[in-house]
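Below is one structure, written out as structure tokens, with a few remarks after it.
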Amino acid sequence: MKTVSENRCFGGVQGVYSHRSQATGCEMTFGLFLPEEAKDGPVPVLWFLSGLTCTHENAMTKSGAQALASEYGIALVFPDTSPRGEDVADDDAFDLGQGAGFYVNATQEPWAAQYRMWDYIAEELPDLLAAKFPLDMDRQSITGHSMGGHGALVLAMQLPGRFRSVSAFAPIAQPTGSDWGRKQFTAYLGQNEDSWKAHDATHLMTEKGFDGDVLIDQGSADQFLDLLRPEALAQAMMAKRQAGTFRMQEGYDHSYFFVQSFMPDHVAFHAEELWK
């Protein structure tokens with residue numbers, strides 16, 4: 001593992017690190033904020049998964065989460081959204097290929113060799129973090145924006161007991177019913193739509209639910225509402241009687257201005273669960 005940068009930030013350290021990934025077969029970069037309390041021992045962990053076109057930098061520099069994490073004494077992990085590099089398969093479209101990993105293990109060519117973001121986020125990166133940093137991996141929560149909200153919800157429901165709480169900002173809520181999902185799942189996972197269901201938050205909410213509390217924020221002026229399909233997830237939560245809150249925020253769009261506005265609520269929500 002290489003240290004790309006480390007900067008003093010709200011009493012803690014915002015670091016950026018890179019390493020050769022076995023899961024993706026390329027160099028991967030992630031951001032990690034450690035609060036001041038990490039000097040004295042392991043601290044709880046909040047994951048932030050980012051959306052289409054993003055890298056580890058977007059939420060790290062735009063969300064304003066470090067000040068809040070410092071207040072509560074929790075770490076923040078900002079992974080990348082896909083494999084990167086000249087030898088990594090890509091597509092001219094912004095919503096497929098590099099920057100658009102969708103947090104799945106691809107089974108189709110040319111993606112299968114390296115687009116293994118599920119293994120990277122669920123297994124490899126947690127193991128690396130546990131080995132290298134003072135993190136309490138028994139206290140983890142997860143959140144994300146857009147494609148990252150999709151990833152956060154799916155990981156939380158597919159890995160019961162891993163995360164104490166899950167939240168999402170404008171998640172792709174039903175990718176099997178949206179062009180932000182059907183296109184990518186066909187490319188990465190193939191034509192068998194039954195295999196897609198394991199990565200659909202609405203389907204998983206209907207079938208499993210989450211063994212903790214859920215917080216969803218969605219802007220009413222989001223320019224991608226038809227692609228996100230928030231109503232499907234809201235209905236599934238109601239039908240499942242899932243413990244949680246789904247909020248439509250009047251006038252907010254899909255940008256990081258929306259994420260910034262409600263990040264204090266999300267960090268406080270997770271901190272309450274992480275410190276129980």
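By convention here, the first residue in the shown sequence is residue 1. Because the structure is predicted, anything quoted here is derived from the model rather than measured.
- His150 and Trp180 have their aromatic ring centers separated by at least 6.0 angstrom.
- Between Arg182 and Asp179 there is no salt bridge, since none of the side-chain N atoms of the basic residue sits less than 4.0 Å from a carboxylate O of the acidic one.
- Glu193 CD: more than 12 foreign heavy atoms inside a 6.0 Å radius.
- Of the candidates Tyr256, Phe78, Phe48, Tyr256 is the only one forming a ring-ring contact (aromatic ring centres under 6.0 Å, His included) with His145.
- Considering every non-hydrogen atom in both Ile216 and Met237, the closest pair reads CG1-SD, 4.3 Å.
- Glu124 has its side chain within reach of Gln22: a pair of non-hydrogen atoms, C-beta onward, lies under 4.5 Å apart.
- Looking only at side-chain heavy atoms (C-beta outward), Gln66 and Gln14 come within less than 4.5 Å of each other.
- The hydrophobic clustering, which links ILVMFWY residues whose side-chain heavy atoms are closer than 4.5 Å, places Met117 and Leu159 together.
- The CG atom of Leu227 sits 9.0 Å away from atom NE2 of His254, with the distance rounded to the nearest 0.5 Å.
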### Query
Between Thr81 and Thr53, is a side-chain contact (heavy atoms from CB on, under 4.5 Å) present by the stated rule, with each step listed?
CA-CA 8 Å; Thr81 55; Thr53 76; over 6 Å; no

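- Within the model, atoms CD of Glu272 and CG of Asp213 stand 8.5 Å from one another, a figure rounded to the nearest 0.5 Å.
- A distance of 13.0 Å separates NZ in Lys240 from CG in Leu233, rounded to the nearest 0.5 Å.
- Leu49 and Leu128 fall within the same hydrophobic cluster, where Ile, Leu, Val, Met, Phe, Trp and Tyr residues are linked whenever their side-chain heavy atoms come under 4.5 Å apart, directly or through other members.
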### Task
Take Asp226 and Arg229, measure what salt bridge (Lys or Arg N to Asp or Glu O under 4.0 Å) needs, and give me the verdict at the end.
CA-CA 6 Å; Asp226 290 344; Arg229 298 182 60 83; over 6 Å; no

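- Val77 and Leu274 are members of different hydrophobic clusters when ILVMFWY side chains are connected at heavy-atom separations under 4.5 Å.
- Taking the side chain as every heavy atom from C-beta outward, Pro42 and Leu135 never approach each other to under 4.5 Å.
- Here the closest heavy-atom approach between residue Trp47 and residue Ile121 is recorded as CH2-O, 4.1 Å.
- Going from atom CD of Gln140 over to atom CG of Asp138 covers 8.0 Å, rounded to the nearest 0.5 Å.
- Note: Tyr188 and Trp111 meet the aromatic proximity criterion, with ring centroids under 6.0 Å apart.
- You'll find the ring centres of Trp275 and Tyr72 outside the 6.0 Å limit.
- Aromatic rings from Tyr252 and Phe262 are positioned such that their centres are separated by under 6.0 Å.
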Do any side-chain atoms of residues 24-40 form donor-acceptor pairs under 3.5 angstrom with protein atoms, and if so which ones, sequence neighbours left out?
{"unit_1": "Thr24", "atom_1": "OG1", "unit_2": "Ser21", "atom_2": "OG", "d": "3.1"}
{"unit_1": "Glu27", "atom_1": "OE2", "unit_2": "Ser18", "atom_2": "OG", "d": "3.2"}

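- Taking every heavy atom of both residues into account, Ala23 and Asp119 meet most closely at CB-CB, 4.2 Å.
- Of the possible polar contacts, none joining the Ser63 side chain to the Met60 backbone as a donor-acceptor pair under 3.5 Å is found.
- Here the closest heavy-atom approach between residue Ser220 and residue Gly251 is recorded as OG-N, 2.8 Å.
- Criterion: ILVMFWY side-chain heavy atoms under 4.5 Å apart, direct or through other members. Under it, Val259 and Leu52 are not part of a common hydrophobic cluster.
- The NE2 atom of His270 sits 10.5 Å away from the CG atom of Leu76 when rounded to the nearest 0.5 Å.
- Counting heavy atoms from C-beta outward, Asp265 and Met263 have side chains that stay 4.5 Å or more apart.
- Listed by first and then second residue, the salt bridge (Lys or Arg N to Asp or Glu O under 4.0 Å) pairs involving residues 54-80 are Asp80-Arg84 (not counting sequence neighbours).
- For the 3.5 Å distance criterion, the side chains of Glu6 and Tyr17 qualify, holding a donor opposite an acceptor.
- Under the 4.5 Å side-chain contact rule for hydrophobic residues, Phe102 and Phe94 share a cluster.
- For His266 and Phe169, the gap between ring centers is short of 6.0 Å.
- The distance from atom CG of Leu46 to atom CZ of Arg164, rounded to the nearest 0.5 Å, is 13.0 Å.
- Taking all atoms of both residues into account, the shortest heavy-atom contact from Ala152 to Val166 is O-CG2, 3.6 Å.
- For Arg139, the salt bridge (Lys or Arg N to Asp or Glu O under 4.0 Å) test picks out Asp136, with sequence neighbours left out.
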